[in-house]
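What follows is a set of notes on a single structure, which appears directly below.
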Amino acid sequence: MGYYTDMLVNKAVLKTVNGTDENGRPNIIALEEIDCRLEMKHSLTVNAQGQQLVCSGRLYTEAVVKVDDILEIRDKVFKVVNVNPYYPLASNVCVINEVYFA
């Protein structure tokens with residue numbers, strides 16, 4: 001049980017993606033229901049390449065999420081566009097991830 005576990009009151013389905021298949025569709029290698037804190041609002045974020053992206057919302061989770069993974073939230077499908085991990089000051093272990101999706 002993590003520090004933020006009590007604040008993660010929403011659920012989402014995380015589909016972990018590993019590249020694409022021969023038809024260009026995402027290759028889903030894992031499916032998992034995750035606890036999260038969800039905020040649905042349009043905003044701008046900057047990805048690792050320095051591009052500005054418009055996001056549909058963001059969520060906070062203790063689960064491992066990476067860019068290009070797929071999130072299913074309230075029967076809608078979103079693509080992860082940016083992930084910001086947060087670390088405590090005295091450790092190198094990630095405590096929570098801020099995940100932007102579009």
Side-chain angles (χ1 to χ4, degrees):
M1 182 168 168
Y3 179 77
Y4 293 99
T5 303
D6 292 337
M7 292 182 261
L8 305 178
V9 295
N10 304 108
K11 298 273 186 195
V13 175
L14 172 65
K15 298 177 181 178
T16 305
V17 175
N18 185 13
T20 57
D21 63 10
E22 61 275 353
N23 296 324
R25 293 185 300 230
N27 184 20
I28 298 171
I29 59 172
L31 205 78
E32 172 187 12
E33 187 175 77
I34 59 171
D35 295 323
C36 61
R37 179 72 170 195
L38 185 62
E39 296 178 1
M40 297 295 285
K41 76 175 198 178
H42 293 285
S43 63
L44 285 175
T45 187
V46 178
N47 66 7
Q49 290 79 28
Q51 301 167 325
Q52 283 190 349
L53 303 169
V54 177
C55 299
S56 298
R58 69 179 172 183
L59 61 83
Y60 296 91
T61 183
E62 294 174 335
V64 176
V65 181
K66 63 183 183 1
V67 174
D68 293 332
D69 282 350
I70 298 171
L71 292 168
E72 191 174 315
I73 303 166
R74 298 180 187 150
D75 296 327
K76 293 186 181 177
V77 178
F78 300 95
K79 182 177 178 182
V80 174
V81 294
N82 196 12
V83 179
N84 296 324
Y86 289 100
Y87 300 92
L89 293 175
S91 176
N92 61 354
V93 177
C94 181
V95 173
I96 197 158
N97 289 310
E98 179 183 31
V99 179
Y100 290 89
F101 55 88

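Everything numeric in this text was worked out from a predicted model, so none of it was measured. Just the heavy atoms: all of them, side chains too, but no hydrogens, waters or symmetry mates, feed the values below.
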Just verifying a value: how many Å separate [X] [atom1] and [Y] [atom2], rounded to the nearest 0.5 Å?
X	Y	atom1	atom2	result
Leu59	Ile73	CG	CD1	5.5 Å
Ile28	Thr20	CD1	OG1	12.0 Å
Leu71	Ile34	CG	CD1	6.0 Å
Gln51	Leu44	CD	CG	13.0 Å
Asn18	Ile29	CG	CD1	4.5 Å

Q: I would like to know whether Asn82 and Cys55 meet side chain to side chain contact (heavy atoms under 4.5 Å, CB included); could you show each step before the answer?
A: CA-CA 9 Å; Asn82 196 12; Cys55 299; 6.0 Å; no
Q: Any side-chain hydrogen bond (donor to acceptor under 3.5 Å, both in side chains) involving residues 21-38? Give me the pairs, sequence neighbours left out, ordered by first then second residue.
A: Lys11-Asp35
**Q.** Candidate pair Thr16 and Leu14, rule side chain to side chain contact (heavy atoms under 4.5 Å, CB included), full reasoning
**A.** CA-CA 6 Å; Thr16 305; Leu14 172 65; 4.2 Å; yes
Q | Whether Lys66 side chain and Val17 backbone form a donor-acceptor pair below 3.5 Å | A | yes
Q: Report yes if some heavy atom in the side chain of Glu62 is under 4.5 Å from a heavy atom in the side chain of Thr5; otherwise report no.
A: yes
Q) Val46 and Val65: same hydrophobic cluster, using ILVMFWY side-chain contacts below 4.5 Å? A) no
Q.
Count I, L, V, M, F, W, Y as connected when their side-chain heavy atoms are under 4.5 Å apart, and connections chain through other members. Are Leu8 and Phe78 then in the same cluster?
A. no
Taking only distance into account, with no hydrogens and no angle test, what donor-acceptor pairs under 3.5 Å do side-chain atoms of residues 94-102 form with protein atoms, sequence neighbours excluded?
| from | atom 1 | to | atom 2 | distance (Å) |
| --- | --- | --- | --- | --- |
| Asn97 | ND2 | Ala63 | O | 2.8 |
| Glu98 | OE1 | Asn84 | ND2 | 3.3 |
| Glu98 | OE1 | Tyr86 | OH | 2.7 |
| Glu98 | OE2 | Arg58 | NH1 | 2.7 |
| Glu98 | OE2 | Tyr60 | OH | 3.2 |
| Glu98 | OE2 | Tyr100 | OH | 3.0 |
| Tyr100 | OH | Arg58 | NH1 | 3.4 |

Q: Applying side-chain contact (heavy atoms from CB on, under 4.5 Å), name anything that partners Lys79, two or more places apart in sequence or on another chain.
A: Asp68
